[in-house]
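Structure first, commentary second.
The shown structure was predicted, so the numbers you read here are calculated from the model rather than taken from an experiment. Every chain is numbered from 1, with letters handed out A, B, ... down the list of sequences.
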There are 2 protein chains.
Amino acid sequence: LLQLVNVTRVYHSDAGPVPALGPLSLDLHPGEFVAIMGPSGSGKSTLLALAGALDQPTAGQVILAGQNLAGATPTALAELRRRVIGYIFQDLNLLPGLTAAENVALPLELDETPAASARQAATQALTEVGLAHLAQRFPDDLSGGEQQRVAIARAFVGHRRLLLADEPTGALDSVTGENVMRLLHSQTRAGRTALLVTHNAAHAAWADRVIYLRDGLVADEVVAPQP
Amino acid sequence: LLQLVNVTRVYHSDAGPVPALGPLSLDLHPGEFVAIMGPSGSGKSTLLALAGALDQPTAGQVILAGQNLAGATPTALAELRRRVIGYIFQDLNLLPGLTAAENVALPLELDETPAASARQAATQALTEVGLAHLAQRFPDDLSGGEQQRVAIARAFVGHRRLLLADEPTGALDSVTGENVMRLLHSQTRAGRTALLVTHNAAHAAWADRVIYLRDGLVADEVVAPQP
Ligand SMILES: Nc1ncnc2c1ncn2[C@@H]1O[C@H](COP(=O)(O)OP(=O)(O)OP(=O)(O)O)[C@@H](O)[C@H]1O
Ligand SMILES: Nc1ncnc2c1ncn2[C@@H]1O[C@H](COP(=O)(O)OP(=O)(O)OP(=O)(O)O)[C@@H](O)[C@H]1O
Ligand SMILES: [Mg+2]
Ligand SMILES: [Mg+2]
């Protein structure tokens with residue numbers, strides 16, 4: 001479903017080039033649940049941005065759902081981001097002017113899903129993260145962990161095949177965090193594919209394999225024992 | 001140094017009153033390191049906002065450095081926030097138009113510290129969190145964990161007596177997170193007082209005692225065994 005082929009990403013800052021990632025290759029198959037761990041600044045969010053067509057590599061190829069992103073038109077990229085990929089951003093990116101339910105329904109609304117079924121899907125997703133009672137609240141009036149759960153629910157709505165989660169449990173207590181991992185894991189058993197960045201080894205344990213980054217390169221890879 | 005006496009905080013939302021915290025009492029002595037744990041939405045950030053004079057209780061008193069905040073003038077409150085309290089916010093609150101070093105130096109600059117010593121203190125604080133090489137970067141060009149460390153460094157500059165940290169390690173890998181806890185702990189051994197909200201029991205273990213919140217009330221309190 002997703003292939004990163006020798007990708008490199010160099011940022012250009014005032015102080016000079018910043019080699020944030022690569023060369024790195026990754027193969028993600030449908031239904032697979034892969035976790036990425038590594039020190040702060042090791043390139044995890046950069047990797048996720050390349051995987052999610054939110055950023056372009058400085059070198060190498062990103063192939064998503066059979067499509068080489070380098071050749072993709074802006075329209076095709078926008079459609080991929082809307083229909084194929086569900087994001088949970090490290091800084092959440094909720095829209096403050098929309099309620100929790102409206103934020104969660106937004107990907108479906110943008111994809112021209114009928115309003116009624118979009119709202120129903122949003123309600124179900126919020127229920128799964130324990131926030132049905134806060135559907136009408138605005139993000140500014142929610143706790144940090146509640147905001148994070150709204151962002152998680154938003155990634156789960158619809159039938160997008162690839163879930164990209166950048167540290168989705170950082171603001172959650174262990175019980176709530178475990179619940180999110182259980183949800184994510186069951187989604188992949190049902191056929192979705194997930195790439196999860198996490199600092200929490202207990203959460204990485206839910207994945208089929210764990211890739212360890214250090215200084216933008218793969219330092220290690222561990223395949224989970226089959227139960 | 002800090003006393004919360006039967007404080008209650010009720011938010012007023014469109015759907016009706018939200019009893020977020022209390023009645024709750026807390027006594028924090030100079031040099032003490034107290035951790036607050038609890039489920040998402042249990043009132044931890046609300047408690048910290050009251051302790052830090054960023055919010056007023058609906059009922060009860062907050063007494064900081066001998067001063068009852070209820071009677072304090074806006075000027076007195078601003079001075080407390082600038083001189084006595086160092087904050088690490090759950091959503092960081094870095095100024096995007098300032099570099100990392102400028103963000104860290106800001107509390108000192110606002111307190112009319114000479115620019116040279118403010119910059120020196122900022123450099124030292126950034127070095128302690130491993131970010132000396134990123135001093136000239138802007139927050140938008142930093143990783144999530146790097147941004148969090150800038151916010152931590154900012155709270156450490158100057159000689160403010162009370163450190164209020166709202167989940168300061170959520171975006172950090174375990175090694176970096178441990179380093180921050182070691183810094184915070186050594187600050188309290190040197191005389192500072194710290195109130196730390198965390199979901200990470202391993203980090204709460206650095207504290208002298210741990211208070212557990214549930215639904216806005218104290219559910220339990222554990223005193224750390226003396227080594
Ligand atoms: N501005 C607000 N208006 C209405 N309700 C609010 C507001 N801010 C917080 N709340 C509610 O108050 C309760 C406590 O919020 P608080 O932010 O203190 O929780 P928390 O323990 O810090 O949670 P987390 O671990 O998720 O950060 C939550 O139920 C939240 O929904
Ligand atoms: N816009 C940018 N300009 C310059 N350098 C950047 C930019 N964004 C990130 N970097 C640098 O690239 C490196 C990798 O960043 P990235 O955000 O991928 O790290 P990360 O592994 O997600 O870290 P964290 O765990 O702290 O979130 C870091 O050293 C960071 O300072
Ligand atoms: Mg990151
Ligand atoms: Mg909070």
_A:L4: which residues meet the side-chain contact (heavy atoms from CB on, under 4.5 Å) condition with it, sequence neighbours left out?_
A:L2, A:V7, A:L24, A:L26, A:L47, A:V62
_Quick check on the interface: out of A:A201, A:G177, A:G145, A:G130, who has the most heavy-atom pairs with chain B under 4.5 Å?_
A:G145
Compile a table of inter-chain donor-acceptor pairs under 3.5 Å between chain A and chain B, counting both main-chain and side-chain atoms.
residue	atom	partner	partner atom	Å
A:S40	N	B:D173	OD1	2.7
A:S40	OG	B:R149	NH2	2.8
A:R149	NH2	B:S40	OG	2.8
A:A171	O	B:H199	NE2	2.9
A:D173	N	B:H199	ND1	3.3
A:D173	OD1	B:S40	N	2.7
A:H199	ND1	B:D173	N	3.3
A:H199	NE2	B:A171	O	2.9

